[in-house]
Amino acid sequence: MELPSIYQLLLVLCLFFLPISAEAGKNYDENQLKAAISYKVAKFVTWPEDAFNADGAPFVICVFAEDDVVEGFDSLEGQTIEGRTIQLTTPQSGQACQEGHLFYFSERHIKMFDQILPEFKDRPVLTISDMKNFSSQEGMITLINRGNKTRLIINLSSAFQARLKISSKLNVLATKVIRDK
Amino acid sequence: MFFIKDTLLFSCKLLTVLMTFLTVLISVEEVEANNLLEMSLEDLLNVQVTTVSKVPHSLLTSAAAIYVIDQDDIQRSGASSIPELLKMVPGMSVAQLDANRWAISGRGFNGQFANKLLVMIDGRSVYTPIFSGVYWETLDLVLAEIERIEVIRGPGAALWGANAVNGVINIITRTAKQTLGTEASAWGGTEERAGFSLMQSAMISSDDFVRLSVKSYARDESQLNGSGAEDDMRMAKVGFRWDHTALQWSGKTTGSFYQNRAGSHFDRTSFTGDYHSYYNDDSETFGGHLLTNWDRALSSQSHLSLQFYYDYSYRDEVFYESETQILDAEAQYRYSFTSGQLLTLGLNFRAYFDDLTAIENTSMTPAEREYGFYGFYLQDEIPLTDHLTLIVGSKIENNDMTDWEIQPNIRLAWFPLSNLTVWGAISKAVRTPSRMDADGQILIKVYPPGDVSNPTTLPGFYYFTGSDSFDSEELIAYEVGLRHLINDNIITDFTLFYNDYDNLRTGPGPDAEPVFVDGIPTYVKLTGEAVNTLRGHSYGFEAVVEWQVNDDWKLMGSYSFMKMDFDFDSELEEFLNSLYSRHQGSLQSHYNVTDNVQFDSWLTYTGKVSIQDQPEIWDLNLRLGWQVNSQWQLELIGQNLFHDSQRQLTSEVISMVSTEIERGFFMRANCRF
């Protein structure tokens with residue numbers, strides 16, 4: 001196989017690929033996007049009244065993840081959920097997050113979820129992760145990356161067990177909704 | 001220099017074409033990134049995450065031909081060792097010589113003793129000063145430990161020093177913090193007989209993380225003339241890593257120990273009959289290292305890092321019994337000016353202590369030697385405008401073999417758009433003499449009586465012999481490249497290179513001397529002493545396209561073309577320097593069948609190696625992966641599926657017999673808890 005000329009080929013390749021480029025991509029930070037989606041998802045969820053100790057109690061988000069994911073969640077600082085100011089913590093154990101309302105687990109920290117699941121199973125805590133099998137492991141919201149967009153899988157039965165009400169508007173946006181085990 | 005003229009002409013044409021498109025592109029106004037929190041959930045779910053660009057931003061904008069193999073690529077390739085992974089990089093020649101040995105090189109000059117590639121793990125050079133190459137079979141890591149492998153084609157000498165001539169491979173491991181918990185793998189199959197790896201990381205304080213890793217495996221023998229080649233291999237390795245992060249000093253400390261026993265087929269040659277005398281022998285290697293690297297911010301603008309390492313290796317094989325110790329120290333200072341200018345200064349020192357006992361078809365005088373180098377480097381990255389960065393730098397090094405070597409480079413990167421980098425570089429690199437080049441002797445070839453190269457009536461044995469006066473090999477490389485994140489689904493990378501080599505090693509016009517055994521003339525000893533008289537140039541291009549076709553399917557293709565233009569004085573000279581394929585290609589497909597099932601295929605093409613009648617090779621690897629649950633994953637992998645068994649390349653040295661690599665299947669179970 002002898003090519004006519006490497007330059008001709010290169011030129012053809014350039015001609016072929018460059019025209020597609022009119023749609024220049026915006027560079028979003030992947031972790032900020034995950035944080036923003038988790039935040040927006042929480043807006044569709046109602047917590048039982050006893051989930052909060054006091055009227056002015058903050059909305060506590062516990063992030064079990066690597067540093068760069070945690071940094072992504074820092075962008076939520078100062079925002080509110082259920083009319084309460086968000087407080088972010090990065091605990092090393094479930095014990096350290098007794099007051100949490102939303103737990104986020106990165107794929108690499110999923111073993112934390114396995115560890116604390118028995119303790120928090122019936123507590124009103126929304127669990128979110130980007131781990132693929134999260135929903136089948138009784139996780140409530142799974143953010144999966146399909147191609148290059150985020151998709152939601154919702155495990156309604158886990159949320160129901162935790163006395164969290166998930167708005168049907170959220171179900172519409174989900175790729176998959178698990179209703180019964 | 002018609003080529004340069006042509007290149008210039010072509011570059012002008014190419015630029016014209018590029019400019020036309022860029023004008024169109026720049027007119028598409030760039031929209032400021034919206035605040036994600038102000039977007040609706042529906043919109044957020046439609047935001048494209050740039051997964052296709054696995055390269056960190058700094059690499060996307062780098063002014064060098066860089067290819068990154070990340071953890072996802074490693075896993076989905078189905079590869080079980082580092083050399084296999086390098087096949088996906090355009091411009092890299094990768095050939096398996098037998099069940100455990102590899103010939104790997106970038107941009108030509110391949111061979112078992114390929115010597116123009118620098119390979120590093122976490123900043124530690126793993127190439128041997130004996131022949132300036134790498135014993136790939138001893139280079140092993142738990143694959144899950146690897147964060148990424150950065151492969152830079154072309155010279156990297158201005159930063160990394162001598163021997164970073166045709167490429168640099170940087171293997172970067174994950175921090176212990178990134179791998180918290182336990183990860184274990186076990187596998188077994190026809191060629192990858194059996195093996196396991198275990199990685200355990202723990203937090204010992206809020207600032208300290210440690211990891212222990214273990215890997216051990218056995219690989220089956222390959223085929224030779226219809227029967228087993230008895231070149232099976234066993235390997236065991238343990239390693240640790242300690243990461244410390246604190247306000248002042250942050251650092252990593254790594255250590256490893258390995259032991260390897262591998263069979264190989266050798267030809268000790270004979271003065272009679274067909275002049276071959278095959279036998280099988282085991283080679284035994286063991287070694288280890290200790291490295292510590294500390295980094296401290298001196299101010300908000302300046303950083304200091306210090307690194308020390310010690311490396312020991314012992315190798316007992318048919319050519320030599322060798323013991324090599326390396327002591328290396330490096331200090332680096334970085335200063336970032338408010339203008340964005342980044343200045344890097346470095347000092348380094350390395351000492352080698354070796355002891356080599358020649359065994360078969362070789363010699364080495366003196367057997368013991370201490371040698372090394374010291375040097376400094378300076379690199380200045382100057383942002384000329386928002387869209388143009390100039391990088392100038394040089395390494396100035398003094399070594400015991402050739403005294404001072406200056407290896408400068410100049411690079412220019414142009415960012416006409418945030419997703420487009422156009423770069424060019426001119427760089428000089430040298431390969432300093434190895435111990436072999438200076439003091440060694442090795443049998444390369446046997447010419448039967450009456451051969452064109454041996455008109456006598458006795459067999460001619462050609463020995464390559466080192467020389468004290470052998471000087472460094474030199475390269476001046478001219479490169480231009482373009483890297484374009486076309487949209488969130490497609491990234492392309494093109495590089496055009498022209499390499500001008502001078503003072504390359506050769507051993508011309510051998511001295512012929514009849515050798516008498518028991519008073520009878522038995523053979524003619526042909527000795528070619530190492531001289532630096534070979535010169536010539538090579539050129540070519542490398543292209544990469546990665547395309548996220550849809551949500552569940554990703555395609556990655558690479559293609560490279562190269563040609564060498566040398567005036568060889570002899571057939572042997574050509575043989576020793578022309579192990580390369582003009583055309584090489586790789587096409588990988590990563591397909592998610594369901595959320596839990598992955599089906600990956602990898603097609604590779606290596607063109608013929610004309611000089612040794614090595615036919616072209618098409619090959620295929622397949623992988624089926626099943627994520628059973630959050631902890632368990634099962635994989636079924638098929639390797640080299642197009643051939644029952646196939647020779648991939650013949651070693652340039654007669655003593656080493658290359659075998660046929662067989663088709664293989666193996667199952668692997670991975671568990672994380």
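What you see below is based on every heavy atom in this structure, not just the backbone, and it leaves out hydrogens, waters and symmetry mates. Since the structure is predicted, the reported quantities are computational estimates derived from the model, not experimental observations. Naming: A, B, ... by sequence-line order, numbering from 1 per chain.
For Ser250(B), the side-chain contact (heavy atoms from CB on, under 4.5 Å) partners two or more places apart in sequence, or in a different chain, are Thr245(B).
Shortest non-hydrogen contact noted between Leu45(B) and Arg151(A) is O-NH1, 3.2 Å.
Within the 4.5 Å cutoff, no side-chain heavy atoms of Lys169(A) are placed close to those of Glu42(B).
Scanning residues 45-75 of chain A against chain B with a 4.5 Å non-hydrogen threshold yields Asp67(A), Ser75(A), sorted by number.
In this structure, Lys40(A) contributes its side chain and Leu44(B) its backbone to no donor-acceptor pair below 3.5 Å.
Only the side chain of Ile153(A) comes within contact range of chain B, with at least one heavy atom under 4.5 Å from a heavy atom of that chain. If you measure heavy-atom distances from Asn596(B) to chain A, the contacts under 4.5 Å come from the side chain alone. Neither the backbone nor the side chain of Phe134(A) comes within less than 4.5 Å of any heavy atom of chain B. Neither the backbone nor the side chain of Gln115(A) has a heavy atom closer than 4.5 Å to any heavy atom of chain B. Interface residue Val628(B): only backbone heavy atoms are found under 4.5 Å from chain A. With a threshold of 4.5 angstrom between heavy atoms, Thr179(B) approaches chain A through its backbone and through its side chain.
Here Leu36(B) contributes atom CG and Lys34(A) contributes atom NZ; the two are 13.0 Å apart, rounded to the nearest 0.5 Å. In this structure, CD1 in Ile37(A) is found 11.0 Å from CG in Leu37(B), a value given to the nearest 0.5 Å.
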>> Set out, in order, the CA-CA distance, both residues' side-chain angles and the distance that settles side chain to side chain contact (heavy atoms under 4.5 Å, CB included) for Leu41(B) and Leu173(A), then state yes or no.
In response: CA-CA 8 Å; Leu41(B) 181 58; Leu173(A) 295 174; 3.7 Å; yes
